[in-house]
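Data block below; observations after.
Atom set for the values below is all heavy atoms of this structure, side chains included, hydrogens, waters and symmetry mates excluded.
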Amino acid sequence: MTGKLATLSARRLALALGIMALIFSSAPSAPKRLHQSSGLIRAQMQSLLSLYGADAVTLDRNARDYKSLEEIKWQGRPGSVNQTATVFGDPTKAGMYVTLLKRGPDDWSEPHTHPNDRYITVLSGTMLIGTGSNFDKKNVVAMGPAA
């Protein structure tokens, strides 16, 4: 049981760090140079890091892998306005992965299931999400970015 708890805790920590990295790297007010390996960190992030006793450092790509916004490769599917990008891991294999999704207006998914847990974070716009086996546009929850 302890091994399962440790694995679950590690996955949640990795997810939280991935989301923080996405939020930090996608901030519209951040200058382009912050998205590169310049070592500059916004004041808000420095405050957050200082809460945990962390120092701001320049990341070494040989020690830690990351992607800048310019390195993210978006892919579309025939007949769909959706675009996806894999930021970390492999969605076709077991284990942790992070993907980004861009959806068009009034673009709906049919009811479906996934073999693993999904965590959704809306960075901009509003995503309408429903559950269950019946497709019902009136029975959805609106999810938007955190204020």
(request) Report the distance from atom CZ of Arg118 to atom OG1 of Thr99, rounding to the nearest 0.5 Å. (result) 6.5 Å
(message) On a heavy-atom basis, which atom in Arg103 and which in Trp108 lie closest, and how many Å separate them?
(response) NH2-C, 3.6 Å
(request) State yes or no: do Met96 and Ile72 share one hydrophobic cluster built from I, L, V, M, F, W and Y residues joined by side-chain heavy-atom distances below 4.5 Å, directly or via other members? (result) yes
(message) I need the Gln83 CD to Arg77 CZ distance, nearest 0.5 Å.
(response) 11.0 Å
(request) Quick one: pull up CE in Met143 and OG1 in Thr126 and give me the separation to the nearest 0.5 Å. (result) 10.5 Å
(message) Would you compute the distance between atom CD of Gln75 and atom CG of Asn82 and round it to the nearest 0.5 angstrom?
(response) 13.0 Å
(message) Restricting to non-hydrogen atoms, name the atom on Ser124 and the atom on Pro145 that form the minimum distance, rounded to 0.1 Å.
(response) CA-CG, 4.0 Å
(request) Working to the nearest 0.5 Å, report the span between NZ of Lys138 and CG of Leu128. (result) 14.0 Å
(message) I need the Lys102 NZ to Asp107 CG distance, nearest 0.5 Å.
(response) 14.0 Å
(message) Grouping I, L, V, M, F, W and Y whenever their side-chain heavy atoms are under 4.5 Å apart, do Val87 and Trp74 come out in a common cluster?
(response) yes
(request) Assess whether atom NZ of Lys73 is packed by more than 12 heavy atoms of other residues, nucleotides or ligands within 6.0 Å. (result) no
(message) Side-chain heavy atoms nearer than 4.5 Å, only ILVMFWY residues, links allowed to pass through others: does that put Val98 and Leu69 together?
(response) yes
(message) I need the minimum non-hydrogen distance between Val140 and Asp136, along with the two atoms involved.
(response) CG1-O, 3.8 Å
(request) State yes or no: do Met127 and Leu123 share one hydrophobic cluster built from I, L, V, M, F, W and Y residues joined by side-chain heavy-atom distances below 4.5 Å, directly or via other members? (result) no
